[in-house]
Enquirer: 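Below you will find the structure I want to go over with you.
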Amino acid sequence: MSAVDEPDWERLEHQARQALPSAYAPYSRFGVAACVLAEDGRSFVGVNVENASYGLTVCAERNAVAAAVIAGVRRLVAAVVVCTGPEPPTPCGACRQVLWEFGTELAVRSVGASGHVLHFELAALLPAAFGPEQLSPSD
Ligand code: THU
């Protein structure tokens, strides 16, 4: 996908919805699935994976990013997040930061089970973001 192309949102949402039944959310009963689109056109899904030690839960977005990174991806251009609840799931703060690492120009679409859609630029969700340029060189 070139920078000027619009992502195929329907395809990404379809892939996220296909993954949603795999969400492991026995504690919150709030399933989430994400599909991230790499700049080379490949897409990767993730679901939330909860844990009896609640704080170890990993969100759908971060699992999708991990799947992309495992496949060698370093640049993401779009993400769709769907959930079992009626309202669109906006990515949590931790996920915003993790998405930023690979997608400073990422477009995010959230879709609730009611069909309500929200659309964001990640830069607007994470103003004054921390990034690698703020790390001091070690030498
Ligand atoms: N969750 C996600 O997977 N992504 C989000 O963007 C928001 C929250 C998950 C974490 C937890 O398993 C459940 O939703 C309830 O917070």
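One-based numbering, in listed order, for ligands and for the atoms of each. Every value quoted in this text rests on a predicted model; they were computed, and no experiment measured them.
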Enquirer: At the 4.0 Å heavy-atom cut-off, does C95 count as touching ligand 1?
Expert: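 No.
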Enquirer: Quickly, which of V108, V81, V98 forms a side chain to side chain contact (heavy atoms under 4.5 Å, CB included) with E61? Name it, please.
Expert: V81
Enquirer: Would you mind running through ligand 1 and noting each atom that sits below 4.0 Å from a heavy atom of S28?
Expert: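 Listed by number with element: 13 (C), 15 (C).
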Enquirer: Give a yes or no on whether Q134 atom CD has more than 12 heavy-atom contacts from other residues, nucleotides or ligands under 6.0 Å away.
Expert: yes
Enquirer: What do you reckon, does T90 put a non-hydrogen atom under 4.0 Å from ligand 1?
Expert: yes
Enquirer: Would you mind listing which atoms of ligand 1 come within a distance below 4.0 Å of any non-hydrogen atom of V32?
Expert: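 Near V32, meaning under 4.0 Å from one of its heavy atoms, ligand 1 has 1 (N), 2 (C), 3 (O), 4 (N), 9 (C), 14 (O).
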Enquirer: Remaining members of L56's ILVMFWY cluster at a side-chain heavy-atom cut-off under 4.5 Å?
Expert: none
Enquirer: Side-chain contact, heavy-atom cut-off 4.5 Å: S110 with P91?
Expert: yes
Enquirer: Number the atoms of ligand 1 from 1 as they appear, then name those within less than 4.0 Å of a heavy atom of E61, with their elements.
Expert: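 Those atoms are 2 (C), 3 (O), 4 (N), 5 (C), 6 (O).
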Enquirer: Any idea which protein heavy atom is nearest atom 11 (C) of ligand 1, and the distance to it?
Expert: E50 OE2, 3.3 Å
Enquirer: Can a donor-acceptor pair be found, under 3.5 Å and without considering hydrogens, that links the side chain of N48 to the backbone of A23?
Expert: no
Enquirer: Hey, could you give me each pair passing ring-ring contact (aromatic ring centres under 6.0 Å, His included) that has a residue in residues 57-106? Not counting sequence neighbours.
Expert: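 Qualifying pairs: none.
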Enquirer: Please list the nearest protein heavy atom to atom 16 (O) of ligand 1 with its residue and the distance rounded to 0.1 Å.
Expert: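 Ranked first by proximity to atom 16 (O) of ligand 1 is F30 CD2, 4.8 Å.
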Enquirer: What is the closest protein heavy atom to atom 9 (C) of ligand 1, and at what distance does it sit?
Expert: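 Result for atom 9 (C) of ligand 1: N48 ND2, 3.6 Å.
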Enquirer: Nearest protein heavy-atom contact for atom 3 (O) of ligand 1: which residue, which atom, what distance?
Expert: A60 N, 2.9 Å
Enquirer: Please verify the inter-ring angle class for Y27 with Y54; under 30° counts as parallel, over 60° as perpendicular, anything in between as tilted.
Expert: tilted
Enquirer: Among all the protein's non-hydrogen atoms, which is closest to atom 8 (C) of ligand 1, and how far away is it?
Expert: C59 SG, 4.1 Å
Enquirer: Could you tell me whether H119 atom NE2 has more than 12 heavy atoms of other residues or ligands within 6.0 Å of it?
Expert: yes
Enquirer: Quick check on T57 - does any of its heavy atoms sit under 4.0 Å from an atom of ligand 1?
Expert: yes
Enquirer: Should the proximity of P89 to ligand 1, defined as any heavy atom under 4.0 Å, be assigned to the side chain, the backbone, both, or neither?
Expert: neither
Enquirer: For G112 and R17, which heavy atoms make the closest approach, and how far apart are they?
Expert: O-NH2, 3.7 Å
Enquirer: What are the atoms of ligand 1, with element, lying closer than 4.0 Å to any heavy atom of C92?
Expert: 6 (O)
